[in-house]
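Just below is one structure, and these are the notes that go with it.
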2 protein chains.
Amino acid sequence: MATKHVKEMDALKEHLGKHQLKLTRQRELILSAFLRQEHITAEAMYHQLAKSDPHLGLATIYRTLNLFCDAGLAQARHFGSQTKYDNVSHKGHHDHLICTGCEKIVEFENEEIERLQEEVATRHGFTIKTHRLELYGLCTRCRD
Amino acid sequence: MATKHVKEMDALKEHLGKHQLKLTRQRELILSAFLRQEHITAEAMYHQLAKSDPHLGLATIYRTLNLFCDAGLAQARHFGSQTKYDNVSHKGHHDHLICTGCEKIVEFENEEIERLQEEVATRHGFTIKTHRLELYGLCTRCRD
DNA sequence: ATTGAAATTGATAAACTGTCTCAAAATTAT
DNA sequence: ATAATTTTGAGACAGTTTATCAATTTCAAT
Ligand SMILES: [Mn+2]
Ligand SMILES: [Mn+2]
Ligand SMILES: [Zn+2]
Ligand SMILES: [Zn+2]
């Protein structure tokens, strides 16, 4: 549908325009697939897209997902040895609860923690630009 | 001096004893160098130790630092794409403030944040096993 | 619609970090 | 000292991501 993901497509176009970058078939294709995901690795996107477009190169996936990060549509998160691209196009900042049993990822946001982080930083003379908070454990189902 | 790092050396010996592992020249050497650090990568230890012992293999450094983790003397921390081994022999749990300007790392510990983390986890049915909290920003000196 | 400069792509090489392999050496219990 | 077991060092190997570069595509200006 031409009515889906218009907002994100426009955000990408705006970023492209500002940086003398071009809109390509691949970029449209990867964006549309990416927006259907919550968190995904480049490798996983590669295999998923290979079904419909077997000649899409892995390097292009990486380049494009990194472009999405620059455009503010994605955020790279280093979970273990892999980088997952977090689809942040329709949501604000958040942190993660990760089940080490089933790999489930739950997003959360806690204002009080954010406030305390600022407090800690200030106490040490730091100005926070970003942060990363990940809680690892077992979800209800995996605790059996 | 034979009087330095005796406690940690004993902790290592105890771990070795319990797991049918042997005390080697390399393990003593790497331990003594490691205990002088706060946070260090395997690669950095490799180069540092190469000055006095050019034939120490990188694999041995990795193996030994991982051994220290098992023995509770070190903790592996994945900062970006590199693993830093945190010398936790003389300190308990803590999190990190990291200056993106000069790479300075400040350790902190905030009970209130820890408590709120538990609260968030409980609310989502999770049981936390570990967590990671890193605040990235600029220290006083780099904010100029 | 054509042209042409500039950006992009895909295939693959390379970089980078960390682990594995295995013969030789070191350790430890006997 | 002997012998079983563990460890070491060198380099091969593996997993993930980036760099290279010739061919292709985009897009703004004719
Ligand atoms: Mn997320
Ligand atoms: Mn630390
Ligand atoms: Zn689970
Ligand atoms: Zn600094």
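Below, read A as the first sequence line, B as the second, and so on, with proteins coming before strands; counting in each chain starts at 1. Note that the structure is predicted; figures quoted are calculated from it, not measured.
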**Asked** So, do B/Phe34 and B/Ile40 sit near enough that their side-chain heavy atoms are less than 4.5 Å apart?
**Response** yes
**Request:** Please report how far the helix from C/dA1-D/dT30 to C/dT30-D/dA1 bends, comparing the axis fitted to its first five pairs with the axis fitted to its last five, to the nearest 10 degrees.
**Result:** 30°
**Prompt:** By a strict heavy-atom criterion of less than 4.0 Å, which residues belonging to residues 28-40 of chain A are in contact with DNA chain C?
**Reply:** none
**Fill in**
In whole angstroms, the gap separating C1' of C/dT19 from CZ of B/Arg63 amounts to 9 Å
**Item:** Sidechain N-carboxylate O distance under 4.0 Å for A/Asp70, A/Lys18
**Value:** no
**Asked** Which whole-number value in Å describes the distance from A/Arg27 CZ to C/dT8 C1'?
**Response** 6 Å
**Item:** Whole-Å gap separating P (C/dT17) and NZ (B/Lys84)
**Value:** 12 Å
**Message:** Testing A/Leu49, A/Ile30, A/Leu29 one by one against A/Thr60 for a side chain to side chain contact (heavy atoms under 4.5 Å, CB included), which residue passes?
**Reply:** A/Ile30
**Complete:** A/Leu56 CG to C/dT9 P, in whole Å, measures 9 Å
Within the sub-3.5 Å range, which N or O atoms of nucleotides 11-16 of chain D have a protein N or O partner, and how far apart are they?
from   : atom 1 : to      : atom 2 : distance (Å)
D/dT16 : OP1    : A/Gln82 : NE2    : 2.9

**Asked** Nucleotide by nucleotide, 5' to 3', does protein get under 4.0 Å of the base (B), only the sugar-phosphate (S), or neither (-) in nucleotides 23-30 of chain C, counting heavy atoms?
**Response** ----BS--
**Message:** Give me each pair satisfying salt bridge (charged side-chain N to carboxylate O under 4.0 Å, His left out) with a member in residues 72-89 of chain A, each pair once, sequence neighbours excluded.
**Reply:** A/Arg77-A/Asp86, A/Asp86-A/Lys91
**Prompt:** Over how many whole Å does the gap from A/Ile61 atom CD1 to D/dT18 atom C1' extend?
**Reply:** 15 Å
**Message:** On the nucleotide C/dA7, are OP1 or OP2 found under 4.0 Å from the side-chain N or O atoms that A/His19 carries?
**Reply:** no
**Message:** Using a strict heavy-atom distance below 4.0 Å, which residues from residues 66-80 of chain B are in contact with DNA chain D?
**Reply:** none
**Prompt:** Judged by modelled atom types alone, do B/His90 and B/Glu8 share a side-chain donor-acceptor pair under 3.5 Å?
**Reply:** no
**Item:** Between P of D/dA10 and CG of B/Asp53, the distance in whole Å
**Value:** 10 Å
